[in-house]
Amino acid sequence: MQSPDTVRLSLCSRFGGCASKVGAPDLARVLAGVRFPTDPRLLVGLTTSDDAGVYQLTRDLAIVQTVDFFTPIVDDPFDFGRIAATNALSDVYAMGGTPITALNIAAFPIDTLDGEILGRILEGGVAVAVAAGVVILGGHTVKDEEPKYGMAVTGTIHPGKIVTNAGARTGDHLLLTKPIGAGILTTARRRDGIPESDLAPAIAEMTRLNAAARDTMLAHNAHAATDITGFGLLGHAAEMARASRVGVEIESASVPLFPRVLELIDLDFVPAGTEGNLVFHGEFTSYADHVTGAIRVALSDAMTSGGLLIAAEPHEIRKMYLELAPTHACAVIGRITEDGDGTISVL
Ligand code: CO
Ligand code: CO
């Protein structure tokens, strides 16, 4: 039996965090074979690869719902709980919603790992829920060889104020509200390539709620938004581009990276999910010659609990940037172009 004091939780699973997600091409193939009935009250459903579903209750009230859970990406159970909960809430914020309730969803090898570890994971989730003003109503836990944790979250939203990934317009600028490369850092830590202290900046960002970013984007007329998770910056940008029937131009030098990310990519600390993304992203992305291999990998990194990617008119993005910059490592990273086929060009 592994105890809470000695366990390295991130070594308890084969795939870390959002890298444990089934890849976009595989998922698309599977979902294409399943018929989901439509309903007039379903305002945002499965067809647009949006962050969360939205269902209308009354003229001025809809619920926004999402579920996210995954394997540990860090060793400390409390931190893992905080990261998983922050990540689960993020999809509600990305739609412009306000999360109100959550259900825990967990899997745990109770015969080989001390139950106190699961307790610490759940405490981490509670800490985040309290900070977000979210009430945990209950949950469900199954026995499993690998620990997993996350939440099903319900939020409220006005039916006329939903921010989907389909509203980006030509000429919009793009704001990213957190650095990328957390998948690289957590992988390097799992393989003992960096000390625990080098992971601290990534843990700080992965446990940062996207609530302030949501407030800012609602105050300044965001046209479209999504959060950066397992499909990487380019993957989520491409979903926005396709849904909005536009193209995206990314200024690679402007994209905020966690410290050491490029160096660790050169040392080959690249998770399988990121490698898969890189191949998939190559199908719709063109890179300028000066964009190095390491930067291409970073832009495809499979993230957990990343920031919001927000599209809005340039002067609105400027206001959002000025509001968030004192507290967030945010940056204006590109713009929306008129290429209507969802292509991405990295400069
Ligand atoms: Co999302
Ligand atoms: Co999600």
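Quick caveat: nothing in here was measured; it's all calculated off a predicted structure. Whatever order the structure lists ligands and atoms in, that order sets their numbers, starting from 1.
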Hits for salt bridge (charged side-chain N to carboxylate O under 4.0 Å, His left out) against Arg82, two or more places apart or cross-chain, chain-then-number order -> Asp79
Cluster question for you: counting only ILVMFWY and a side-chain heavy-atom cut-off of under 4.5 Å, with indirect links fine, are Ile336 and Leu299 together?
yes
Evaluate the ring planes of Phe80 and Tyr149, with Trp represented by its six-membered ring, and classify them as parallel (under 30°), tilted (30 to 60°) or perpendicular (over 60°).
perpendicular
With sequence neighbours left out, the residues meeting side-chain hydrogen bond (donor to acceptor under 3.5 Å, both in side chains) with Arg41 are Asp39, Tyr55
Measure from the Co ion (ligand 1) to every N/O/S atom of Asp91 and report the name of the nearest one.
OD1
For the Co ion (ligand 1), find the closest N/O/S atom on Asp51 and give its atom name.
OD1
Specify which N/O/S atom of Asp227 comes nearest to the Co ion (ligand 1), by atom name.
OD1
